[in-house]
Structure formats: structure tokens, C-alpha cells
Amino acid sequence: MELDGSHSTALVETNQGDRQYHPLFSSPDAEVVLAAKNDSVTKASVFFRLHSHNLKTASGFFREMFMLPQNSQLENGVFYLEEDASTLELLFRMISGLPIPQIDSYDQIDPLLDSIEKYDTPGPLSIVRLLVMTPLLLGQPFRLYAIACRFGWDTEARHASTQTLTFDLYNKDVRPYLSRLSSNALLRLFDLHRTRREGLRQRLNDPPFVSGGLATCNNCNAVIDYHTWRELKYKIILEMDVRPAGDTILEHGLSEWPEALACWQAKCSQAGCSRALYDKGETLRVIRECIETLPKTI
């Protein structure tokens, strides 16, 4: 796929009613004339000339349209479309096999996908499917997830769902993205986040972890209270609720949180014993293992 660094192209004036034709789509040999909606600033339309064969081959919409004796969108030999010029330029470049400018924003992708879906153009859709997995667009997992679920792209949806694990789904900044999802896509995402939290909660209650209640010291048989572990466990689950990836737990939480420091410093209170209640190294190893085995995708 060739990428052209220039995203906007100057327009050219023609002698056909002073229409502004896009320079890449201005050949007199192309018999179909299409017009973008009026520019919000200039109030002028941009016109595109395309070959009917290209349109019929690439678009189910135009293929059916050209089979009709007349179409309501045809006015003075021009098809007036509802999309803006920049969106149509991208679509027509893909249809015509022309270089594609760099696309680095979902503000470009979203209207393009709307036009792709409207005009039934599977070729451009396959191009966009590749584009959304490029580094420039991978930084917005919720928008990628919404698009992937909308078009049934399972691989991309799973990848995006993993990326969302660094976000809190209850954060108000995330809510606008979640509102774009279908109920099924939204429930699957919530289920992934909850499954990771509850899975770790259950694992931390199982051996070799202590229960968190009263027990007997293995060294002196004195009664000991594992309340420090109980408090750290609660902190871990709270962190998983807001960041289910668990990376902040492993990277600094278990080394810096006050609850963690209290655990690693806890000793048997019996005089002359002072046995450390927890093996820090082994505890960290097992917690890491627990987090790494949790489900990572929808």
C-alpha cells in the first residue's frame, strides 16, 4: 500500500460551468460526475469525475444505481452526495487504486467507514482494516474496539480489548467511547474487566496464600494475625478494579504501597521469635504468575 504524505490537494477550475474538480478526478474521459456536499466555509462543492466501470466494480451501491433508469440523486448530469470532499477523496483514491495519504486520526476513519458502509465498497473496507492496526491509530483502543465490533473484525476486537485493560471503564472520560458500543460489545468488555478482577480475588484466597485471619506461628506457636495481608489483598483488588491490566500492581504497588510495606515488615510479635510473616520474593512471584494467567482478551 503506497502512502502519500500530502493529505490535501489543490482544486482546479474547469470550463464546465466553473465547477471545481478535484485534480486527481478531473479527466474528461471519466463519464460519471459526483459532487461532495458544500464546504462549510466556501459554500462551494467539489466535483469528482470517475469511470463508471470503477464505481460499478468497487461499489454495490453504484452497481445497483446504474441499473436503474433514473435516480433522484442525479441532477444536471451530477450525482450529489452527502459526504464532504476530504472523505470522498479518500474513498475514491481507494476505489481507483491511487496512493493513500497518511491517515492518523479516527476523525478521518469514522466518516470514511460510514461512506464505505453506505456505498458497499468491500475493497476500501479491507484497506481500513489494515490501517487501524498501524501505530498511528493503535493508541485509541476504545475507538478501535468499536469499529472492530461493528464490522465483525475478531482479531482487531481482541487486540483492542487487551489494550483497554489499562483503563477504568467507570471513568467519566471513557464513557463517551462506551456509548458508541452495541450492548453485546459493551457487555463483553465489562465481562473481561470483571473476570480479571474476580479471578485474581479468588486466586489470592487460595493456597499458598494465607487466609488473612488468625493463625499459629510455625516457629513459636504464638497466635499471629495476618491482617496486613488482608489489607494488601484489598488494595490489590481495588487496583485491579481501576486498572485490570495489573501492571501497576507488579511494577511499583507491591514495592511502594504502604499496605505492601506493612506486609513485608510484619513479624511474629512473640518475644524472642520475630519470624517474618511473609516471604516477599515468593509472594511477588506467585502474584505475578496469577496476574499473567488471567484472561487477556474478550
**Prompt:** Should the pair Arg19 and Phe47 be classed as cation-pi, given the thresholds of under 6.0 Å to the six-membered ring centre and 45° from the axis?
**Reply:** yes
Quick one: pull up [atom1] in [X] and [atom2] in [Y] and give me the separation to the nearest 0.5 Å.
| X | Y | atom1 | atom2 | result |
| --- | --- | --- | --- | --- |
| Ile291 | Asp247 | CD1 | CG | 8.5 Å |
| Gln102 | Gln108 | CD | CD | 8.5 Å |
| Ile249 | Ile236 | CD1 | CD1 | 6.0 Å |
| Thr195 | Arg188 | OG1 | CZ | 12.0 Å |
| Thr216 | Asn221 | OG1 | CG | 6.5 Å |
| Leu277 | Ile224 | CG | CD1 | 5.0 Å |

Can you find a pair of side-chain heavy atoms, one from [X] and one from [Y], that are under 4.5 Å apart?
| X | Y | result |
| --- | --- | --- |
| Leu125 | Trp153 | yes |
| Asp29 | His51 | yes |
| Phe48 | Val33 | no |
| Trp229 | Thr283 | yes |
| Arg275 | Lys267 | no |
| Asp191 | Ile298 | no |
| Val32 | Phe66 | yes |
| Phe25 | Leu98 | yes |

Regarding [X] and [Y], does a basic nitrogen lie under 4.0 Å from an acidic carboxylate oxygen?
| X | Y | answer |
| --- | --- | --- |
| Arg129 | Glu156 | yes |
| Asp110 | Arg180 | yes |
| Glu259 | Lys233 | no |
| Arg285 | Glu289 | yes |
| Arg49 | Glu31 | no |
| Arg197 | Asp241 | yes |
| Glu231 | Lys235 | no |
| Asp114 | Lys118 | no |

**Request:** Please step through side chain to side chain donor-acceptor pair (under 3.5 Å) for the pair Thr164 and His193, ending with a clear verdict.
**Result:** CA-CA 9 Å; Thr164 69; His193 284 232; 3.1 Å; yes
Would you name the heavy atoms of [X] and [Y] that are closest together and state the gap between them?
| X | Y | value |
| --- | --- | --- |
| Gly123 | Ser126 | O-OG, 2.6 Å |
| Ser59 | Tyr119 | OG-O, 2.6 Å |
| Thr297 | Ser161 | CA-OG, 3.5 Å |
| Asp120 | Phe61 | CB-N, 3.9 Å |
| Ala185 | Cys149 | CB-SG, 3.7 Å |
| Met65 | Phe79 | SD-CE2, 3.1 Å |

**Request:** Show your working on side chain to side chain donor-acceptor pair (under 3.5 Å) between Asp84 and Ser86 and close with a plain yes or no.
**Result:** CA-CA 6 Å; Asp84 60 41; Ser86 59; 3.0 Å; yes
**Prompt:** So Cys268 and Ser274, side chain to side chain contact (heavy atoms under 4.5 Å, CB included) or not? Walk me through it.
**Reply:** CA-CA 5 Å; Cys268 175; Ser274 299; over 6 Å; no
Report whether [X] and [Y] are members of the same hydrophobic cluster (ILVMFWY, side-chain heavy atoms less than 4.5 Å apart, transitive linking).
| X | Y | result |
| --- | --- | --- |
| Leu204 | Met240 | yes |
| Leu113 | Tyr177 | no |
| Leu144 | Leu169 | no |
| Ile237 | Phe167 | no |
| Leu136 | Leu90 | no |

Return yes when atom [atom1] of [X] has more than 12 non-hydrogen atoms of other residues, nucleotides or ligands closer than 6.0 Å, and no otherwise.
| X | atom1 | result |
| --- | --- | --- |
| Tyr234 | OH | no |
| Phe209 | CZ | yes |
| His53 | NE2 | no |

**Request:** Check each of Arg203, Glu198, Arg196 against Leu294 using the side-chain contact (heavy atoms from CB on, under 4.5 Å) test, and report the only one that passes.
**Result:** Arg196
For the pair [X] (side chain) and [Y] (backbone), establish whether a donor and an acceptor sit closer than 3.5 Å, ignoring hydrogens and angles.
| X | Y | result |
| --- | --- | --- |
| Ser179 | Pro176 | yes |
| Gln163 | Leu138 | yes |
| Tyr106 | Leu137 | yes |
| Ser255 | His252 | no |

**Prompt:** Are the aromatic ring centres of Tyr226 and Tyr278 under 6.0 angstrom apart?
**Reply:** yes
**Item:** Criterion salt bridge (charged side-chain N to carboxylate O under 4.0 Å, His left out) on Arg93 and Glu89, from CA distance to verdict
**Value:** CA-CA 6 Å; Arg93 279 174 177 262; Glu89 177 191 341; 2.8 Å; yes
**Request:** Test Arg143 against Asp107 for side chain to side chain contact (heavy atoms under 4.5 Å, CB included), laying out the working first.
**Result:** CA-CA 10 Å; Arg143 297 186 77 167; Asp107 292 336; 3.4 Å; yes
**Request:** Could you please spell out the steps behind the side chain to side chain contact (heavy atoms under 4.5 Å, CB included) verdict for His159 and Tyr145?
**Result:** CA-CA 8 Å; His159 179 88; Tyr145 181 71; over 6 Å; no
**Prompt:** Does the side chain to side chain contact (heavy atoms under 4.5 Å, CB included) test come out yes or no for Thr248 and Thr166, once each step is laid out?
**Reply:** CA-CA 9 Å; Thr248 50; Thr166 58; over 6 Å; no
**Prompt:** Any side-chain donor paired with an acceptor under 3.5 Å for Ser45 and Gln20?
**Reply:** no
**Request:** Decide side chain to side chain donor-acceptor pair (under 3.5 Å) for Asn54 and Thr57; before the verdict, give the C-alpha distance in whole Å, the side-chain angles of both, and the deciding distance to 0.1 Å.
**Result:** CA-CA 5 Å; Asn54 287 353; Thr57 300; 5.8 Å; no
**Prompt:** Between Asp206 and Arg201, does a salt bridge (charged side-chain N to carboxylate O under 4.0 Å, His left out) hold up when you go through it step by step?
**Reply:** CA-CA 9 Å; Asp206 294 336; Arg201 184 202 301 273; over 6 Å; no
